[in-house]
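Read the structure below first, then the notes.
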Amino acid sequence: MKLEPGEEFTAKVDKINPNGTCTVKYDGKTINIGPVTCDIGRSVRLRYIDGDSVAGTSIHFALCLTDEVHEDGYDDHVRRHVSSLLPDRPPEEGEQTYIEIDKVDKYGLGIAVAGGDLVELGPVQAQAGDLVHVVGRESGFAELINVRARGKRYQTRFNILRERWEKLPVKEGETFTTTIDDTDGSSLIAYLDGVPIHFPKGSAQIAQKVDGKLTRFHRGRGIGEVTKVYDTIGNIDDPGHDTRMQNLQKAGIGSNPFRSFAQRFIGVSDEELPSNETEIRKAIIGEAIRLGLAEKAESGDQYPQAHITAIRHWVVHKLSAVLGDPISNDSESDGVGWFRSALTERSGPTITFLGDVIQLSQGYYAPAPTRVVMISESEAVLISGDPSREFLNSELDLEFRGLTRIITETSMEELKSKGIPLQPKEEYIGLGQAPMTSPATLREYIDQRPQESWEPEEDWAPYTGQYYGFRTDGKPLVIEEADGTIMSLWRVPVEYGADTYQLKVQADGETNGVTISPKYRKHVSLILDAMAEDPQTVELTAYDEGVLVSCDFAPPQAQMRWLYAVGAEWLDTSSYQLQWKITGADADSVQEVFDELPVTIIDNT
């Protein structure tokens, strides 16, 4: 059977050449397949190109269609040696090829030109001039195969672009209630079952609930109008709050009694407080815990310490007139109450998680030693169990961002001159305690751990990939390495205790399980996503005089600690993403800690 140009076939890598390219043998020919990362003997899918059509040579070439084995620079190989592969016509339906992006429009959609005809590629993370691997769809459309080049919510937006209305969960003219998730600078954006809805003239802000109507679809997105805006951002969800504020106002504590009380209690000016009441509430509680601990602490074996009941009594006595009872009026903490939720029992930032307070045994707490962690040359996170007045009296400028205190307009020299120790950021957030950040370090971990026989049970849940996580009824994300090792991650439920995790490893004809420490679970998931060429995404976008940090995943502890250390404001906005607002000055330091992870970072600042 004669191998024809354009024909697809499967062959095993036969040889790795000194220049890095590889060859296979098929149909009596030695065929160059370009630079790939797999070992000899690995099967790959190929598309044959007649050698005589390539620069007039008799060398036989094939395009490697197995994306996961492409070496860095594979696109350059295509440009140099297989330029005839670039189509002089739009790809036919089902045909795989490379195509050059001609331009990226203002909506982030890629457009190519082939044989004088336009080819729509959908949302891209690429630039004009980049080569992308595509498969032809209906006339005028080609779908990106390499997920790294795909833009956010690719499949949904590509279906809108192709007018595949039957695949969308929302129709034109439909009304709905949703929450504003994002902004592109000119429009507000909400996501309705994954469909991006843009409101060009919306008056709401991120995190606000709105009623809306979908008026039409345009260029990969829905266009809507806001018909109603609900509560403004920053209101405290506490039915007794307004009554208590009226009482404070009658007592003469300013026209804005909540902010006025915070200024007097903490000892700062209005400019040094957060901009909204929810964050001011956290600042007041955090400072009250530090003051209560300083008031009640007695000498201990290692630290001055106080029991939680004594601290709580002091704090509640000082703040109940302003914040109400810690339990009954705190609907956001599932009965834990505003005192414990700020001290230790909460999934978000707590004063113990940030390091200001040390949790000891038998209900005792101690103030942590004072130190600072530099954010930039002129800004530092203050980590200390001491009340703020001590630092304000030392003529340091403090800015309060919820529980966090930031020293501004300073320098390392000034802080050292005041006897305040500096702690490296990597040490403070614990980057060295979680070094698993790449396929190589995962392999190292596997080789160092004991392997057990693989005996799964029905309630074990496989990791299915980003967005979906672990699902008992899901299809596991399976990774095959170049040497043939096959891996997947599984969650093992424990009846009385925290779940454990097992990595299923198939190699050399054997199937074993490797126990994954819970502290590495998120890292392993991110590594597997990256190995599947579908890495998780972190996006930084300019927003409301600050920066919006959006994640497709729950970050590991080190990254979470730094987000909250710089005072990131959590925005409860989206079921598809986790989002925080940070200051523009802190964006570089936040990006640095996410650079430690195998994720894609999109900087739109």
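Sequence positions, counted from 1, serve as the residue numbers for this chain.
- The side-chain contact (heavy atoms from CB on, under 4.5 Å) check on A587 picks up L540, V547, I582, with sequence neighbours excluded.
- A salt bridge links R401 with D586: the distance from a Lys NZ or Arg NE/NH1/NH2 to an Asp or Glu carboxylate oxygen falls below 4.0 Å.
- Note that CG of L319 and CD of E287 are 10.5 Å apart. Values are rounded to the nearest 0.5 Å.
- The stretch residues 260-293 participates, sequence neighbours left out, in these ring-ring contact (aromatic ring centres under 6.0 Å, His included) pairs: F261-F265.
- Judged by distance alone, the side chain of R561 and the main-chain N or O of F353 form a donor-acceptor pair under 3.5 Å.
- Between the side chain of S378 and the backbone N or O of S411 there is no donor-acceptor pair closer than 3.5 Å.
- Under a 3.5 Å cut-off, the side chain of E272 and the backbone N or O of S269 do form a donor-acceptor pair.
- The aromatic rings of Y463 and F470 lie tilted to each other, with the angle between the two planes from 30° to 60°.
- Of the possible polar contacts, one joining the S341 side chain to the W338 backbone as a donor-acceptor pair under 3.5 Å is found.
- Here E395 does not pair with K418 in a salt bridge; the nearest charged N to carboxylate O distance is not below 4.0 Å.
- Comment: R405 engages D356 in a salt bridge, judged by a side-chain N to carboxylate O separation of less than 4.0 angstrom.
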With side chain to side chain donor-acceptor pair (under 3.5 Å) as the test, would you mind laying out the steps for Q423 and Y428 before giving the verdict? CA-CA 7 Å; Q423 184 177 19; Y428 167 66; over 6 Å; no
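- Separation of atoms CD1 (I420) and CD (E414) is listed at 8.5 Å; rounding is to 0.5 Å.
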